[in-house]
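Data block below; observations after.
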Amino acid sequence: MARKIIPSSYDRQTVWFLPLVFLVLLFVLFVANTGWVFQVSMTLIFLISGLGSFILIPHQLQKDGKQLLLKRFAGDIRIKIEDIEKIEIIDFSDLRRKVGIHGLLGYYGYYNLAGFGQVRVMAKAKHELLLIQSTQFEPVVVSVD
């Protein structure tokens, strides 16, 4: 069976907004006379959080006859097809963040899903969200294009 690849992308707002926020942050830090240590620290924190989002959130899903593969730079997540109990589309408004990132750099962490319970969210955008329930892994929410 051929492998089916489903991409996951940041939404347009994030693609345009993230570099703009970074440039404004750099401008404000260097115009305000705060000292170079603070300026470098804030820049590094922003870069590390952006890189963390890029590494932890899957950039594509691959499906073949045996498994569903969530491709990410921090290590792939492999879910056997026979272990998948249910895949359903969910609405972002049903999610409430418990701990994690939310918004500018994507969505990553543990959230409460209304009427379901705790799920692990690894999504680049808040549209086209899929809840994947498996017998071997905790419930995962990902975004697809």
Side-chain angles (χ1 to χ4, degrees), residues 1-30 32 34 38-145:
M1 174 180 239
R3 182 171 290 225
K4 183 173 181 173
I5 298 174
I6 305 164
S8 177
S9 308
Y10 289 105
D11 55 9
R12 264 191 214 137
Q13 179 182 359
T14 302
V15 170
W16 287 101
F17 192 64
L18 188 59
L20 181 64
V21 167
F22 182 67
L23 290 175
V24 169
L25 175 68
L26 286 177
F27 178 74
V28 168
L29 287 175
F30 288 105
T34 57
F38 180 74
Q39 295 168 351
V40 170
S41 301
M42 290 303 294
T43 303
L44 284 175
I45 288 170
F46 190 82
L47 287 174
I48 289 170
S49 62
L51 186 62
S53 170
F54 184 71
I55 290 172
L56 295 170
I57 297 174
H59 56 90
Q60 69 179 219
L61 284 70
Q62 295 180 357
K63 179 189 173 285
D64 60 22
K66 297 181 181 180
Q67 67 183 355
L68 179 65
L69 179 66
L70 306 178
K71 296 282 290 180
R72 59 185 197 155
F73 296 108
D76 299 338
I77 298 173
R78 299 173 189 277
I79 304 172
K80 294 179 184 176
I81 296 294
E82 62 264 10
D83 292 340
I84 295 176
E85 296 175 330
K86 186 176 176 183
I87 296 178
E88 67 179 280
I89 298 171
I90 63 166
D91 190 43
F92 183 78
S93 63
D94 293 335
L95 291 170
R96 297 289 176 253
R97 177 178 50 164
K98 289 176 73 175
V99 66
I101 59 173
H102 183 87
L104 181 61
L105 302 169
Y107 306 90
Y108 183 84
Y110 290 96
Y111 287 63
N112 278 327
L113 177 60
F116 183 80
Q118 181 173 295
V119 295
R120 183 174 175 191
V121 175
M122 297 186 294
K124 288 186 172 184
K126 59 182 173 182
H127 60 278
E128 302 295 328
L129 294 174
L130 296 178
L131 170 64
I132 303 170
Q133 291 178 266
S134 162
T135 58
Q136 300 298 317
F137 295 99
E138 62 193 338
V140 175
V141 174
V142 295
S143 62
V144 296
D145 291 349

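All values derive from a computational prediction rather than experimental measurement.
Summarising the geometry, atom CZ belonging to R72 is positioned 6.0 Å from atom CG belonging to L56; distances are rounded to the nearest 0.5 Å. Within the model, atoms CZ of R78 and CD of Q136 stand 15.0 Å from one another, a figure rounded to the nearest 0.5 Å. Taken to the nearest 0.5 Å, the CG atom of L44 stands 11.5 Å off from the CG atom of L51.
Residue pairs satisfying the salt bridge (Lys or Arg N to Asp or Glu O under 4.0 Å) criterion with at least one member in residues 41-56, sequence neighbours excluded, are absent. Residue pairs satisfying the salt bridge (Lys or Arg N to Asp or Glu O under 4.0 Å) criterion with at least one member in residues 17-29, sequence neighbours excluded, are absent.
Looking at every heavy atom in both residues, I81 comes nearest to G65 through CG1-O, 3.9 Å. Nearest heavy atoms, K124 versus P58: CE-O, 3.6 Å. Taking each heavy atom of Y107 and A125 in turn, the nearest pair found is CE1-C, 3.8 Å. Between S143 and L129, the closest heavy-atom pair is CB-CD2, 3.8 Å. The minimum heavy-atom distance linking V142 with A123 is given by the pair C-CB, 4.3 Å.
For R120, the salt bridge (Lys or Arg N to Asp or Glu O under 4.0 Å) partners two or more places apart in sequence, or in a different chain, are E138. Partners of K98 under the side chain to side chain donor-acceptor pair (under 3.5 Å) rule, at least two apart in sequence or in another chain, are Q118. For K71, the side chain to side chain contact (heavy atoms under 4.5 Å, CB included) partners at least two apart in sequence or on another chain are H59, Q60, Q62, L69, D76.
Atom CZ of F137 sits in a crowded spot, with more than 12 heavy atoms from other residues, nucleotides or ligands closer than 6.0 Å.
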Contacts table for residues 83-96: side-chain donor-acceptor under 3.5 angstrom, sequence neighbours left out:
unit_1	atom_1	unit_2	atom_2	d
K86	NZ	E88	OE2	3.1
D91	OD2	S93	OG	2.4
R96	NH1	S93	O	3.1
R96	NH2	S93	O	3.4

Task: Evaluation steps, side-chain contact (heavy atoms from CB on, under 4.5 Å), between V119 and L131 - done: CA-CA 8 Å; V119 295; L131 170 64; 3.9 Å; yes
